Amino acid sequence: MRGVGDTTDIVQKEMYTFEDKGGRSITLKPEGTAGVVRSFVENGMSSQAQPTKMYYLSAPIFRYENPQSGRLREHHQFGVEVFGAKDASIDAEIIMTALALFEKLGINGLKLNINSIGCPNCRPSYNAMLNKYFTSKKDDLCPTCRERLDKNPLRILDCKEEKCRLVIADAPVMVNELCSECADHFEALKGYLDEMDISYEVNPFIVRGLDYYTKTVFEIISDTIGAQGTVCGGGRYDKLVREVGGQDVPGIGFGLGIERLLMVLENEGIKIPEPRLFDVYFVTMGDTARKKAFSLVAGLRENGIRAEVDHCGRSMKAQFKYADKCGVPYVAVIAEDEMKNGEAKLRNMNTGDEKSIPFSELKSYINQEK
RNA sequence: GUGGGUAUAGCUCAGUUGGUUAGAGUGCCAGGUUGUGGCCCUGGAGGUCGUGGGUUCGAGCCCCACUACUCACCCCA
């Protein structure tokens with residue numbers, strides 16, 4: 001609540017909060033950053049060589065919202081956080097890292113929106129300006145926003161009430177009211193992005209649903225997955241570590257929604273390769289061959305080769321069918337003849353070529369082909 | 001928070017004005033070949049028709065409630 005901000009929608013309406021059996025208040029994580037910051041502080045990581053770069057993968061996130069396409073009550077995020085770096089170059093690096101990930105996955109046509117929402121130096125005067133503006137339109141605001149007026153007028157900017165939206169359209173924007181430090185930082189960020197030929201749009205209406213951001217905020221948006229277009233969002237949070245009880249250490253990061261990422265991949269027709277389950281499958285005929293294959297499988301596994309053998313007593317044809325369905329690259333056939341010669345017929349399932357390989361050489365042969 | 005839609009086989013779905021034993025495709029298993037996968041052919045297994053109640057001689061179909069899922073507005077990942 002301290003980090004995200006107790007006037008945000010997330011804290012006010014969207015957190016899953018309940019008591020555990022010891023009467024302690026428990027809340028399911030509604031976002032990823034605060035927990036990373038907590039860990040950074042708890043483990044005294046600010047005394048390590050700075051900057052500290054961290055990531056989390058597939059962290060479950062819970063928000064009590066009405067679900068729809070691309071918006072779930074439980075979703076998963078991949079996130080990156082960097083602590084201890086104040087220059088705009090790291091802002092650019094964070095954005096570049098997110099974009100590079102999409103590019104590597106083959107996703108093109110995403111839009112980058114950036115904005116600056118200032119710092120504790122320039123925000124009070126902007127807040128006063130907002131307050132003045134919204135007070136003049138007070139009668140046109142919803143009751144919640146009238147409450148926000150004095151507590152946190154910035155939050156009015158992302159109210160969902162239609163009548164508020166009309167008022168917001170003409171409100172002053174932060175990016176025009178930055179102090180010189182924030183303005184310089186924002187210009188520097190744009191300079192780094194230009195230098196890397198990263199195209200972006202300055203969108204003064206990005207506010208983000210979290211209060212801890214300072215200076216840079218950004219969103220990466222796809223227009224292929226419907227209304228829930230934001231697939232990645234993030235920004236700078238220079239006061240958060242301090243707020244949570246640590247040193248005065250700046251931070252910046254992003255969160256990326258795994259489920260939305262998968263939707264984008266699907267809509268772009270990008271196939272995620274099926275994982276290969278094993279490297280070689282033993283097809284056998286007869287009990288002695290089967291026993292031999294079983295022990296060969298065990299030996300290969302000890303050498304890091306993923307080997308499998310039939311456990312259903314199936315016909316040779318059925319064993320081949322199974323191997324085919326599993327997409328295994330090699331089948332080792334062992335029947336009467338092979339037992340006599342002490343070798344297996346190794347079939348390349350892609351080309352259909354077969355080669356006789358002595359049992360003792362299977363390991364090195366398969367390792368070489370893998 | 002507001003307003004729609006859907007629920008039948010593992011999956012995707014059909015099921016006529018309420019009428020006999022609820023179907024298809026796909027997937028799965030087996031056979032067609034007792035030493036060889038992909039294609040083809042044949043057969044088989046698999047269903048409390050979301051749950052509970054009501055109307056009716058009779059309900060997958062009509063009515064009510066509940067639950068789950070889903071879509072949209074707004075915002076967010």
Side-chain angles (χ1 to χ4, degrees), chain A residues 4 8-15 29-33 56 58-80 98 102 110 113 142-144 155-166 168 205-210 217-222 225-235 253-264 281-286 289 310 312-339 344-354:
Chain A
V4 173
T8 59
D9 275 4
I10 288 182
V11 169
Q12 284 190 333
K13 304 197 292 206
E14 296 179 0
M15 292 201 308
K29 245 182 248 180
E31 59 96 47
T33 301
Y56 52 88
S58 210
I61 301 292
F62 301 87
R63 287 184 203 165
Y64 187 85
E65 302 184 89
N66 256 347
Q68 70 186 71
S69 180
R71 190 175 74 187
L72 307 165
R73 285 187 171 169
E74 177 182 7
H75 76 276
H76 298 80
Q77 288 189 11
F78 163 68
V80 168
F102 291 115
L110 295 180
N113 282 355
C142 71
T144 319
R155 282 268 78 86
I156 298 175
L157 294 178
D158 62 8
C159 180
K160 29 182 107 155
E161 294 287 330
E162 194 163 340
K163 56 180 182 176
C164 296
R165 308 268 5 136
L166 294 171
I168 291 158
F205 295 103
I206 299 182
V207 188
R208 311 288 303 144
L210 308 146
V217 291
F218 68 93
E219 291 181 358
I220 297 172
I221 298 156
S222 164
I225 56 171
Q228 320 300 317
T230 305
V231 70
C232 176
F254 68 75
L256 187 155
I258 302 286
E259 286 83 357
R260 285 188 191 174
L261 173 64
L262 293 172
M263 284 173 78
V264 174
Y281 186 79
F282 281 78
V283 166
T284 63
M285 262 184 88
D310 173 61
C312 303
R314 283 201 254 243
S315 70
M316 205 159 182
K317 179 193 172 100
Q319 291 180 59
F320 263 96
K321 258 190 173 165
Y322 177 76
D324 184 51
K325 272 176 211 150
C326 293
V328 62
Y330 286 96
V331 160
V333 181
I334 305 180
E336 241 175 275
D337 293 351
E338 288 78 10
M339 285 303 290
K345 269 217 181 72
L346 198 66
R347 181 181 176 90
N348 181 320
M349 292 295 275
N350 292 319
T351 63
D353 294 341
E354 287 189 1

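Residue numbering restarts at 1 for every chain, and letters A, B, ... go by the order of the sequence lines. It should be emphasised that the depicted structure is a prediction, and the values quoted were computed from it without experimental measurement.
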Taking the same atom, [atom1], in [N] and in [M], what whole-Å distance lies between them?
| N | M | atom1 | answer |
| --- | --- | --- | --- |
| B:U20 | B:G15 | C1' | 16 Å |
| B:G43 | B:A24 | P | 11 Å |
| B:U16 | B:C75 | P | 43 Å |
| B:G3 | B:A77 | C1' | 24 Å |
| B:G35 | B:C41 | P | 26 Å |
| B:A68 | B:G31 | P | 45 Å |
| B:C13 | B:A22 | C1' | 14 Å |
| B:G60 | B:C66 | P | 23 Å |

What residues from residues 321-331 of chain A pass a heavy-atom cutoff of under 4.0 Å to RNA chain B?
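Of all residues in residues 321-331 of chain A, the ones placing a heavy atom under 4.0 Å from RNA chain B are A:Lys321, A:Asp324, A:Lys325.
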Considering Watson-Crick and G-U wobble pairs with both distances under 3.5 Å, what does [N] pair with?
| N | result |
| --- | --- |
| B:U56 | none |
| B:C76 | none |
| B:A68 | B:U6 |
| B:G38 | none |
| B:G43 | B:C29 |
| B:U12 | B:A24 |

Check: Would you say the side chain of A:Arg71 and the base of B:C71 hold a donor-acceptor pair, judged only by whether the two atoms sit under 3.5 Å apart?
Finding: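 Counting by modelled atom types and ignoring angles, no donor-acceptor contact under 3.5 Å is found here.
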Heavy-atom donor-acceptor pair, A:Glu74 side-chain to B:A77 base, under 3.5 Å
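Checked by distance alone, the answer is no.
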[X] [atom1] to [Y] [atom2] distance, which is reported to the nearest 0.5 Å:
| X | Y | atom1 | atom2 | result |
| --- | --- | --- | --- | --- |
| A:Phe102 | A:Leu261 | CZ | CG | 6.0 Å |
| A:Leu110 | A:Ile221 | CG | CD1 | 9.5 Å |
| A:Thr284 | A:Glu338 | OG1 | CD | 10.5 Å |

Tell me, do [X] and [Y] make a side-chain contact under 4.5 Å, heavy atoms counted?
| X | Y | value |
| --- | --- | --- |
| A:Pro329 | A:Met349 | no |
| A:Phe218 | A:Asn113 | no |
| A:Asp353 | A:Arg347 | no |

Rounding to a whole Å, what distance do you find between [X]:[atom1] and [N]:[atom2]?
| X | N | atom1 | atom2 | value |
| --- | --- | --- | --- | --- |
| A:Glu14 | B:C76 | CD | P | 10 Å |
| A:Arg314 | B:A30 | CZ | P | 5 Å |
| A:Ile221 | B:C75 | CD1 | P | 12 Å |
| A:Leu72 | B:C76 | CG | P | 17 Å |
| A:Glu354 | B:G37 | CD | P | 11 Å |
| A:Met15 | B:A77 | CE | P | 16 Å |
| A:Tyr281 | B:U36 | OH | C1' | 13 Å |
| A:Asn348 | B:U36 | CG | P | 19 Å |

inquiry  = For A:Glu65 and A:Arg71: C-alpha separation, side-chain torsions, deciding distance, then whether side-chain contact (heavy atoms from CB on, under 4.5 Å) applies.
reply    = CA-CA 8 Å; A:Glu65 302 184 89; A:Arg71 190 175 74 187; 3.7 Å; yes
For [X], answer base if it contacts any base atom (sugar-phosphate contacts may also be present), sugar-phosphate if it contacts only those atoms, and nothing otherwise; contact means non-hydrogen atoms under 4.0 Å.
| X | value |
| --- | --- |
| A:Gly32 | nothing |
| A:Leu261 | nothing |
| A:Gly79 | nothing |
| A:Val231 | sugar-phosphate |

Side chain of [X] only, please: which of [options] is the nearest?
| X | options | value |
| --- | --- | --- |
| A:Lys317 | B:G32, B:G35, B:A77 | B:G32 |
| A:Lys345 | B:U36, B:C71, B:G31 | B:U36 |
| A:Glu65 | B:G35, B:C75, B:A72 | B:C75 |
| A:Arg347 | B:U36, B:A77, B:G1 | B:U36 |
| A:His75 | B:G35, B:U2, B:A77 | B:A77 |

From the list A:Glu74, A:Glu31, A:Arg73, side-chain contact (heavy atoms from CB on, under 4.5 Å) with A:Arg63 holds only for A:Glu31
Taking for A:Val333 and for A:Ser69 the nucleotide of RNA chain B with the nearest heavy atom, the one nearer the 5' end belongs to A:Val333
Tell me which of A:Gly257 and A:Tyr64 sits closer to the 5' end of RNA chain B, going by the nucleotide each one is nearest to.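 Here A:Tyr64 is the residue nearer the 5' end.
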Next item on the list: Just jot down the ring pair (Phe, Tyr, Trp, His ring centres under 6.0 Å) partners of A:Phe205, sequence neighbours excluded, or say none.
Entry: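 Residues passing ring pair (Phe, Tyr, Trp, His ring centres under 6.0 Å) with A:Phe205: none at all.
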- Reckon A:Arg63 has a side-chain N or O less than 4.0 Å from the OP1 or OP2 of B:C75? no
Open item on the list: So, OP1 or OP2 of B:C73: does either fall under 4.0 Å of a side-chain N or O from A:Gln68?
Closed with: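 True: A:Gln68 side-chain N/O within range (under 4.0 Å) of B:C73 OP1/OP2.
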So the side chain to side chain donor-acceptor pair (under 3.5 Å) pairs with at least one residue in residues 319-332 of chain A (sequence neighbours excluded) are A:Tyr330-A:Glu369
